[in-house]
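The structure appears right after this line, and notes come after that.
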Amino acid sequence: MTTSPDLQHIVDAIRTRQRFVISSHSRPDGDSIGSQLAAAYALRALGKEVTVINADPAPPPLLQFPGVPDIMIGDRADGDFDAAIIMECGDLARTGVAGLERFFVINIDHHPGNTAYGQLNWFDAGAAACAELVFDLVRALKLPLTRDIATHIYLAILTDTGSFHFSSISPRTFDICRQLLEAGVDPVQVARDVYDSNNMGRLKLFGAVLSAMQIDPTGRIAIVYLDNEMARKAGGTYDDTEGIINLPLTVKEIQAVVFFKKTEDNQYRVSMRSKGDIDIGSIAKEFGGGGHKNAAGCTVTGPINALQKTFIEKIEEAIDGRPAHRR
Ligand code: 5GP
Ligand code: MN
């Protein structure tokens, strides 16, 4: 393996420091958690002291993975650290954790538009998951790929590729996964733990959301909506919506999904997913959010009808604007 200069600087910075705090974006996903914990286990194997902190708890299914219940939840990084490693986060504010800027910041990410906020920045938009970079880091630190480290990297890749659905997947992704399996990862168990450990309330919530789903006039875009009252009536919890957004894409004709989740009056979290060459990442960016070509999000304010109309128009443009051979 040839080590990139950015990676080599990070290896040197890690070797010469002792106390690390590792954070990621707020509302962490599988790639956040997997990248953070794989790195935490690796650094601990080097004898380093490591604290993992996030602004929000991990999605409930991920609590079954090693070390996840021990992640600190807080909005401030207190204590003395020699470096802060920020995984999978386009800008430092998105961690939702204050005080990280006091430390030597190492920024490791694959989100287009990363603001290079670290003293060291290692950014690769070609990686299907940030954890692909963590894989290289573990190798560059010359550490054995333990089962725990490998499982977290696999968890990150599985979830960040939408269980191997997104166009970010490369031959490298499978090469890494092959090595993870050789290191003892059980891909069947990981998939069961991530995708098949829901409770009944969550399934009913999915049912309610899908019953209320709308389709745009061209039949290509699904519009999904949830507010507190719908969640309460269905008997699910409001926070338990991870994964809903992928379901409409199982319909052959559906090319993209936009999910509006009400947070306050006239304020919504927007999540989008798309197939193939349809770039919804740039739409999220237009509204102050971000993400990738096939998975992105933002927060918006305004009356819901107008917002839905705007997003449908933007997504239709994105669908019609993709390269002709993929239509
Ligand atoms: P999700 O829809 O699962 O919340 O997010 C999908 C992808 O978009 C993830 O890679 C996530 O990091 C990114 N993303 C979602 N919301 C935002 C946002 O408000 N700002 C930025 N920069 N990225 C976001
Ligand atoms: Mn990611």
Side-chain angles (χ1 to χ4, degrees), residues 23-39 54-56 58-59 61-62 86-96 107-117 122-135 152-170 173 176 194 209 222 224-226 238-249 256-261 263 267-274 278-301 311 315:
S23 192
S24 185
H25 59 77
S26 55
R27 298 180 305 105
D29 58 16
D31 194 18
S32 317
I33 300 291
S35 296
Q36 287 180 282
L37 284 180
N54 287 330
D56 303 299
L62 301 195
I86 315 297
M87 295 288 182
E88 150 82 3
C89 196
D91 64 79
L92 200 53
R94 244 200 115 212
T95 58
N107 162 16
I108 303 178
D109 188 26
H110 71 138
H111 287 94
N114 182 290
T115 58
Y117 51 83
W122 181 29
F123 167 73
D124 180 1
C130 182
E132 286 192 3
L133 305 181
V134 178
F135 178 88
H152 274 291
I153 295 174
Y154 186 81
L155 163 69
I157 292 176
L158 177 69
T159 54
D160 234 36
T161 58
S163 50
F164 300 104
H165 278 58
F166 298 158
S167 56
S168 54
I169 298 163
S170 71
T173 311
I176 292 173
V194 173
V209 168
V224 187
Y225 173 86
L226 179 68
Y238 202 48
D239 294 331
D240 225 1
T241 54
E242 183 88 17
I244 286 187
I245 189 166
N246 296 316
L247 295 178
L249 286 183
V257 185
V258 55
F259 177 17
F260 293 89
K261 187 173 169 184
T263 47
Q267 184 173 310
Y268 300 87
R269 273 290 314 157
V270 178
S271 280
M272 289 179 281
R273 299 289 184 274
S274 66
I278 301 163
D279 181 8
I280 43 84
S282 47
I283 302 176
K285 210 169 161 210
E286 258 184 70
F287 291 90
H292 311 275
K293 186 164 73 176
N294 295 141
C298 53
T299 299
V300 293
T301 47
F311 276 84
I315 296 170

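Whatever order the structure lists ligands and atoms in, that order sets their numbers, starting from 1. All figures in this text were calculated on a predicted structure; none of them were measured in a lab.
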Open item on the list: Need the atom name: nearest N/O/S atom of Asp31 to the Mn ion (ligand 2).
Closed with: OD2
- [ ] Using the side-chain hydrogen bond (donor to acceptor under 3.5 Å, both in side chains) rule, pick out the option among Thr241, Thr299, Thr263 that qualifies with Arg269.
- [x] Thr299
- [ ] Using a 4.5 Å cut-off on heavy atoms from C-beta on, say whether the side chain of Ile86 contacts that of Ser24.
- [x] no
Task: Polar contact flag, side-chain donor to acceptor under 3.5 angstrom, Thr115-Asp91 - done: no
Task: Main-chain N/O of Gly90 paired with His111 side-chain donor or acceptor, under 3.5 Å - done: no
Task: Test item: side-chain donor near acceptor, Asn246 and His165, under 3.5 Å - done: no
Task: Side chain Asp31, main chain Ala131, donor-acceptor under 3.5 Å - done: yes
Open item on the list: Taking 2.8 Å as the cut-off, does Asp160 contribute an N, O or S atom near the Mn ion (ligand 2), distance below it?
Closed with: yes
Task: Near ligand 1, at a heavy-atom separation below 4.0 Å: residues by chain and residue number - done: His25, Arg27, Arg94, His111, Arg269, Ser271, Arg273, Gly289, Gly290, Gly291, His292, Ala295, Ala296, Gly297, Cys298
Task: Pairs where residues 280-301 contributes a residue and the test salt bridge (Lys or Arg N to Asp or Glu O under 4.0 Å) is met, not counting sequence neighbours - done: Asp277-Lys293, Glu286-Lys314
Task: Metal site angle (apex the Mn ion (ligand 2)), OE2 from Glu88 and NE2 from His110, 10 degrees - done: 130°
